[in-house]
Amino acid sequence: MSQAVRVRFAPSPTGPLHIGGVRTALFNYLFAKKNNGTFVLRIEDTDQTRYVPGAENYIEEALNWLDIPYDEGPNKPGGFGPYRQSERSEYYKTYIQQLMDSGWAYYAFDSAEALGDLRKNAEATGETFMYNAQNRMALQNSLALTPEQTKNLISSGTPYVIRFKSPQGRSVVCNDLIRGQVTVDSNVLDDKILFKSDGMPTYHLANVVDDHLMEITHVIRGEEWLPSLALHVLLYEAFGWKAPEFAHLPLILKPTGKGKLSKRDGVLGGFPVFPLQWHQEDTVLDGYREQGYLPEAVVNLLALLGWNSGTEQEVFSLNELITNFSLDRVQKSGAKFDPNKALWFQNHYFQRQSNKQVIPYFSAWLEANQKDSSQVDLDRVVSMVKERASFVKDLWEASDFFFEAPTQYDPAGVKRAVKENTVDIISELRTSLADHPWDSSESLSEFVKHWCANKEIGVGSVMMPLRLFLVGAMKGPDVFDIMGVLGKIEGLKRIDRAISVFVGA
């Protein structure tokens with residue numbers, strides 16, 4: 001590639017960033033880094049009616065959390081700013097006038113009501129209304145009106161838009177790096193609005209102008225923009241500019257494979273479709289970060305939604321993704337989202353973390369949930385239960401009894417462990433344990449097993465009730481490891497309480 005690679009991620013700040021958008025950002029990032037290029041963030045906020053406060057910060061925070069930060073953008077200015085379209089209006093006015101002067105665009109004064117009636121009439125006959133060469137001369141626009149009529153309408157304040165004048169009888173050839181050559185008959189193209197009545201450009205004009213001025217070499221975006229490709233190619237032609245290379249990514253589909261993944265799918269399926277939590281009026285939409293997912297797991301998951309390395313490898317670090325990524329390995333068909341695969345990646349990356357990495361997050365979780373950990377050796381606890389966990393919250397579910405003494409006892413466990421003579425046996429063992437140092441799990445194990453042998457009592461008659469009395473249920477790691485973490489004072493206290501509960505049971 002002779003020209004330095006420059007790609008952009010251009011979201012609209014209209015709400016939380018869907019994981020489909022995150023996947024687009026990721027693929028742009030990987031392509032840029034693979035080719036020693038620049039990853040640009042551009043905020044496409046020309047539609048001020050849909051602007052949502054906080055959405056831009058959300059986008060940037062999500063990219064940073066996933067460790068795919070942009071190189072140039074609103075808060076990292078380069079030589080191509082501003083990076084918010086709302087701050088670039090003078091550029092659009094200049095270039096829309098250039099299209100007007102060259103005959104590629106024209107004023108249209110048709111009211112919304114009049115166009116609505118035309119659409120209804122077309123639908124009534126089973127047709128679709130299109131504003132283009134087939135009917136533009138019969139409508140209210142500067143092509144059908146005289147220059148004087150046009151001038152009078154503008155001077156009188158009549159609302160207007162500016163439309164692109166689609167050519168007639170052309171085969172518009174578009175090249176896509178993923179889908180190959182796409183040819184479109186220009187006769188089926190609308191004369192799309194380029195400039196709105198509020199004086200702001202539409203996506204089509206702003207997108208093309210900004211990509212050109214920011215020297216974007218590759219436009220990597222979602223499949224939903226594929227129908228606009230012919231128009232954008234024609235706009236580049238109209239301006240006399242070289243078009244960038246285009247690549248349209250496949251949709252992320254519902255888990256069923258039918259239709260585009262939506263917010264509702266996540267709500268119904270109990271999985272996030274947003275990278276970070278989002279507050280929307282009285283609703284809180286879950287994010288991967290707040291559910292405890294590691295950013296590495298989310299990145300790995302998204303990378304394989306529509307791309308593969310051509311090998312059996314599934315686990316990729318970010319550096320490995322950069323090394324292996326190429327657009328020719330991106331599939332054309334939609335990629336089915338699998339919530340279980342997300343959990344699989346999370347478990348894999350969670351298990352790869354050291355105790356030293358996990359403990360600060362577990363400690364923060366305990367503090368946030370008002371759990372006292374001052375008397376607990378977190379390193380020992382995490383070592384015992386981490387293999388049973390995929391999330392930090394799982395550590396609590398697997399170790400809650402280390403922090404809180406049981407106040408109730410699992411009925412199923414009681415039925416299994418508490419027999420007619422259980423209280424007498426554990427009471428006698430408790431007396432012996434009070435005189436034995438609880439210095440290690442190994443010594444406790446040896447002592448209890450030796451005690452059982454001397455008393456001619458089966459080890460199971462002691463181990464199950466001992467676990468129940470200490471934990472409250474038949475769960476947890478080795479019972480002697482539990483005793484070692486609890487310590488003699490707390491351990492004996494729990495045994496005493498259980499004995500008092502089950503006396504006469």
Side-chain angles (χ1 to χ4, degrees), residues 4-47 50-52 54-88 176-178 203-204 206-226 228-229 232 244-252 273-276 288 295 298-299 301-303 305-307 318 321-322 325 327 330:
V5 166
R6 289 177 58 82
V7 298
R8 87 307 193 264
F9 176 51
S12 298
T14 57
L17 184 62
H18 187 276
I19 59 170
V22 177
R23 198 269 309 267
T24 298
L26 173 63
F27 282 19
N28 275 278
Y29 175 89
L30 295 176
F31 187 81
K33 300 308 167 187
K34 172 69 175 287
N35 294 286
N36 297 312
T38 303
F39 175 45
V40 178
L41 174 67
R42 186 174 71 226
I43 302 299
E44 301 204 336
D45 57 349
T46 56
D47 189 347
R50 298 179 62 219
Y51 177 82
V52 175
E56 182 183 324
N57 290 338
Y58 179 100
I59 292 165
E60 186 165 344
E61 187 177 351
L63 297 181
N64 289 336
W65 176 65
L66 292 166
D67 196 24
I68 52 172
Y70 61 87
D71 301 309
E72 285 180 27
N75 294 310
K76 293 180 186 177
F80 299 88
Y83 294 90
R84 297 182 185 91
Q85 288 187 333
S86 59
E87 300 170 3
R88 298 174 62 83
D176 187 281
L177 294 174
I178 296 171
Y203 169 84
H204 305 293
N207 175 273
V208 167
V209 168
D210 288 343
D211 284 345
H212 173 73
L213 295 181
M214 293 182 177
E215 297 183 9
I216 300 302
T217 60
H218 296 77
V219 173
I220 305 170
R221 59 190 180 187
E223 180 183 325
E224 60 269 24
W225 294 111
L226 192 58
S228 301
L229 179 57
H232 296 173
E245 302 243 41
F246 292 95
H248 289 84
L249 307 175
L251 295 175
I252 297 180
V273 295
F274 303 112
L276 315 178
Y288 277 91
V298 178
V299 165
L301 169 73
L302 293 179
L305 286 175
W307 172 84
L318 187 57
L321 287 172
I322 291 169
F325 185 79
L327 288 172
V330 176

Handout entry: Main-chain N/O of Phe39 paired with Asn28 side-chain donor or acceptor, under 3.5 Å
Key = no
Completion exercise
Correct closest heavy-atom pair for Leu276 and Tyr58 would be O-OH, 2.6 Å
Exercise for the section: Determine, step by step, whether Tyr288 and Ile19 satisfy the side-chain contact (heavy atoms from CB on, under 4.5 Å) criterion, reporting the C-alpha distance in whole Å, the side-chain angles of both residues, the deciding distance to 0.1 Å, and the verdict. Expected result: CA-CA 10 Å; Tyr288 277 91; Ile19 59 170; 3.8 Å; yes
Problem - Backbone of Pro69 reached by a side-chain donor or acceptor of Asn64 within 3.5 Å - result: no
Exercise for the section: Decide yes or no on side-chain contact (heavy atoms from CB on, under 4.5 Å) for Leu229 and Leu226, but give the supporting numbers first. Expected result: CA-CA 5 Å; Leu229 179 57; Leu226 192 58; 4.1 Å; yes
Completion exercise
Heavy-atom closest pair (Phe27 atom, Leu302 atom, distance to 0.1 Å) is CE1-O, 4.0 Å
Problem - Glu44 side chain near Ser12 side chain, heavy-atom distance below 4.5 Å - result: yes
Practice task
Taking Arg221 for its side chain and Thr24 for its backbone only, find out whether a donor-acceptor pair lies under 3.5 Å.
Solution key: no
Practice task
Mark yes or no for whether Tyr70, through its side chain, and Asn75, through its backbone, hold a donor-acceptor pair below 3.5 Å.
Solution key: yes
Handout entry: Side chain proximity check, His248 to Ile178, heavy atoms < 4.5 angstrom
Key = no
Exercise for the section: Go through the steps for Leu321 and Val299 under the test side-chain contact (heavy atoms from CB on, under 4.5 Å), then give the verdict. Expected result: CA-CA 9 Å; Leu321 287 172; Val299 165; 3.7 Å; yes
Handout entry: Ser86 backbone acceptor or donor facing Asp45 side chain under 3.5 Å
Key = yes
Exercise for the section: To the nearest 0.5 angstrom, please state how far the CH2 atom of Trp307 sits from the CG atom of Leu30. Expected result: 8.0 Å
Exercise for the section: Answer yes or no: is there a side-chain heavy-atom contact under 4.5 Å between Arg84 and Pro13? Expected result: no
Fill in the blank from the handout: Taking every heavy atom of Leu177 against every heavy atom of Ala247, the minimum-distance pair comes out as CB-CB, 4.1 Å
Problem - Donor-acceptor under 3.5 Å (Arg23 side chain, Leu305 main chain) - result: yes
Practice task
Check whether any side-chain heavy atom of Met214 sits under 4.5 Å from a side-chain heavy atom of Arg8, and report yes or no.
Solution key: no
Practice task
Can you see which heavy atom on Gly306 is nearest to which on Pro250, and at what distance?
Solution key: CA-CG, 4.1 Å
Handout entry: Polar contact flag, side-chain donor to acceptor under 3.5 angstrom, Tyr51-Glu56
Key = no
Exercise for the section: Please work out whether the ring planes of His232 and Tyr203 are parallel, tilted or perpendicular, with thresholds of 30° and 60°. Expected result: tilted
Exercise for the section: Using a 4.5 Å cut-off on heavy atoms from C-beta on, say whether the side chain of Ile59 contacts that of Leu41. Expected result: yes
Fill in the blank from the handout: Taking every heavy atom of Gly73 against every heavy atom of Tyr83, the minimum-distance pair comes out as O-CD1, 3.4 Å
Problem - Between Asp71 and Thr38, a side-chain donor and acceptor under 3.5 Å - result: no
Handout entry: Results of salt bridge (charged side-chain N to carboxylate O under 4.0 Å, His left out) for Glu72 - residues two or more places apart only
Key = Arg6
Exercise for the section: Please examine the side chains of Leu327 and Ile220, heavy atoms only from C-beta on, and report whether any two atoms are closer than 4.5 Å. Expected result: yes
Problem - Nearest non-hydrogen partners of Phe274 and Leu17, listed with the distance - result: CD2-O, 3.5 Å
Handout entry: Close side-chain approach of Arg42 and Asn207, heavy atoms under 4.5 Å
Key = yes
Handout entry: Reported CZ-to-CD1 distance for the pair Arg88 and Ile43, which is rounded to 0.5 angstrom
Key = 12.5 Å
Handout entry: Main-chain N/O of Ile322 paired to Lys33 side chain as donor or acceptor, under 3.5 Å
Key = no
Problem - Tyr29 and Leu318, any side-chain heavy atoms less than 4.5 Å apart - result: yes
